[in-house]
Amino acid sequence: MIELIDVGKVYHASDGDHRALEGVNLRIEDGDIFGIIGESGAGKSTLVRLLNLLERPTEGRIIIDGSDITDYQGKELRELRANIGMIFQSFALFQQRSVLQNVTFPLEVRGESKAASAERAHELLRLVSLDDKSSRYPSELSGGQQQRVAIARALANSPHYMLCDEATSALDSRTTVQVLDLLAQINDELGVTMVVITHSLDVARRICNRIAVIDGGHIVEEGFTADVFANPQSDITRELLDWGAPNVKKATAPQTSEGEEVACD
Amino acid sequence: MIEFFDKYGALLAQGTIDTLVMTFASCLFAYIIGLPLGIWFAVTAPGGLKPNRGINTVLGWIINIGRSIPFIILLVAIIPFTRLIVGTSLGVPGAVVPLTVAAAPFVARIVEQSLAEVDKGLIEAAHSFGASNFQIVTKVMLKESLPSLVRGAAITFVNLFGYSAMAGTVGAGGLGDIAIRYGYQRFQGDVMLAAVILCVVLVQVFQSLGDWLARVIDKRS
Ligand SMILES: Nc1ncnc2c1ncn2[C@@H]1O[C@H](COP(=O)(O)OP(=O)(O)O)[C@@H](O)[C@H]1O
Ligand SMILES: [Mg+2]
């Protein structure tokens, strides 16, 4: 279980301080596929990067499996990170390493033997249906294949958690569905708890059991996906829903009808 | 033609060997010093793996001062240092020391630039898998920038090849020295031309070798 208690984040940039998150309280239960949705710049990436301390919170505490990890350093931090896989929008595959060597990387850095790492990597590549490509290089793969390699790599250390930052935003819609279904399968079969960052409601709708909506660094709404979709509580959620399905929601969306009136004139 | 080679072949062969020994040796030593320096410079840079403004500024000064001293002046200025290291300021050993000192800051700079090109997203990904900073340097930064590092090494080699011509001033020999002595001082244009042609061919060969190597190890294309 991941708990965020009154978490805030201020970036200290050269042009002054910049608040990205404020007063965030969240609880992500084991087995969840937890969606965090919001518009660009809302603070989604900042939030997810706090969970493995790629960024440090400037306020609040982060509790994972009952331990306060907020101040973890050195070896303790590296151990924590091994238990939290991560995938990225741009895949972040090592270009000079083969598919197999990409997947063994997290094992290599933890001192696993070459043979054991390779065996585990092949096992994971079979899971993502790419074992036949193990000696290829990332530049020789399609986007969807690259993201599946990244998923295999993120699973190398058998983590309990997996963070996905806009993992499908660089993929076409058909590939997106394949990758999302793979993530759902991993959640289901391996019991990996997922935190899925997305600006797309379709993504959230397809795989998340719970979602939180973030706007301007604040969580404005949180709940079971079906409930949030059926009965949105905040303006920003309704706005996002309009964007996600304009033809269905048009009638109930004041801004859209207003826009149409203007267009009629 | 045959007569020419009978007369000057041994001289030109010795010149080629001297030039190659000077260039290879100083290139090697320049990397032994410049590579760690360049890594340290990249790691301490703002936005680097372990930013440290103080260390980075001092390293930047050292590297820039080193690069801005004209080689011919450096060659003479560090004669006492050269004697201290190799016991003489003359011949091939006497040339390798100043060539190394001149090239090391240059190497540090191009290594730093190669490392700075590595995608920050990859370093972040490595962090997310629990890699230590040392592992990120060796397994990510150096590995991902290897083609660029090889290209940098080829440039360093060619530069040193050119600089080694000036090492004739300290009696180190080499092709450049032959070209100057026979062409400029004794007006034997044919010997000078042969030495210059050898230089051009060798530079072409090593530059092409570097380009080829960088291409075959690069898995991006
Ligand atoms: N390293 C940084 N330094 C300063 N400001 C940042 C930094 N990273 C993000 N921000 C700012 O924080 C806010 C949230 O960014 P981010 O978490 O990336 O949003 P999202 O992922 O939802 O698009 C943005 O306004 C962004 O400009
Ligand atoms: Mg983002």
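Model, not experiment: these values are computed from the prediction. Sequence lines set the chain letters: A, B, ... in the order given, protein chains first and strands last, and positions in each chain run from 1.
Within a 6.0 Å radius of CD in E119(A), no more than 12 heavy atoms belonging to other residues, nucleotides or ligands are found. The environment of CZ in F81(B) is sparse: at most 12 heavy-atom neighbours from other residues, nucleotides or ligands sit within 6.0 Å.
Within residues 102-128 of chain B, the residues approaching chain A closer than 4.5 Å by heavy atoms are, in numerical order, G121(B), L122(B), E124(B), A125(B), A126(B), H127(B), S128(B). Chain A is approached within less than 4.5 Å, heavy atom to heavy atom, by no residue from residues 42-59 of chain B.
For N133(B), no part lies under 4.5 angstrom from a heavy atom of chain A. In this structure, the portion of I84(A) lying under 4.5 Å from any heavy atom of chain B is its backbone and not its side chain. Residue contact with chain A, scored on non-hydrogen atoms closer than 4.5 Å, involves the backbone and the side chain of S132(B) alike. Contacts of I87(A) with chain B are absent, with no heavy-atom separation under 4.5 Å from either backbone or side chain. Only the side chain of R49(A) comes within contact range of chain B, with heavy atoms under 4.5 Å apart. For Q135(B), the part sitting under 4.5 Å from any heavy atom of chain A is the side chain, from C-beta outward, and nothing else.
Put simply, the side chain of Y161(A) does not reach to within 4.5 Å of the side chain of I28(A), judged on heavy atoms. With a 4.5 Å cut-off on side-chain heavy atoms, R67(B) and N64(B) count as touching.
Between F105(A) and F94(A), the ring-plane angle classifies as tilted under the 30° and 60° cut-offs.
Between K114(A) and E108(A), none of the side-chain N atoms (NZ, or NE/NH1/NH2) sits under 4.0 Å from a carboxylate O, so this pair counts as no salt bridge.
Under the 3.5 Å distance criterion, the side-chain polar atoms of K44(A) are matched with a main-chain donor or acceptor of G38(A).
Options R78(A), R81(A), Q96(A) differ in how many heavy-atom pairs under 4.5 Å they form with chain B, and the most are formed by Q96(A).
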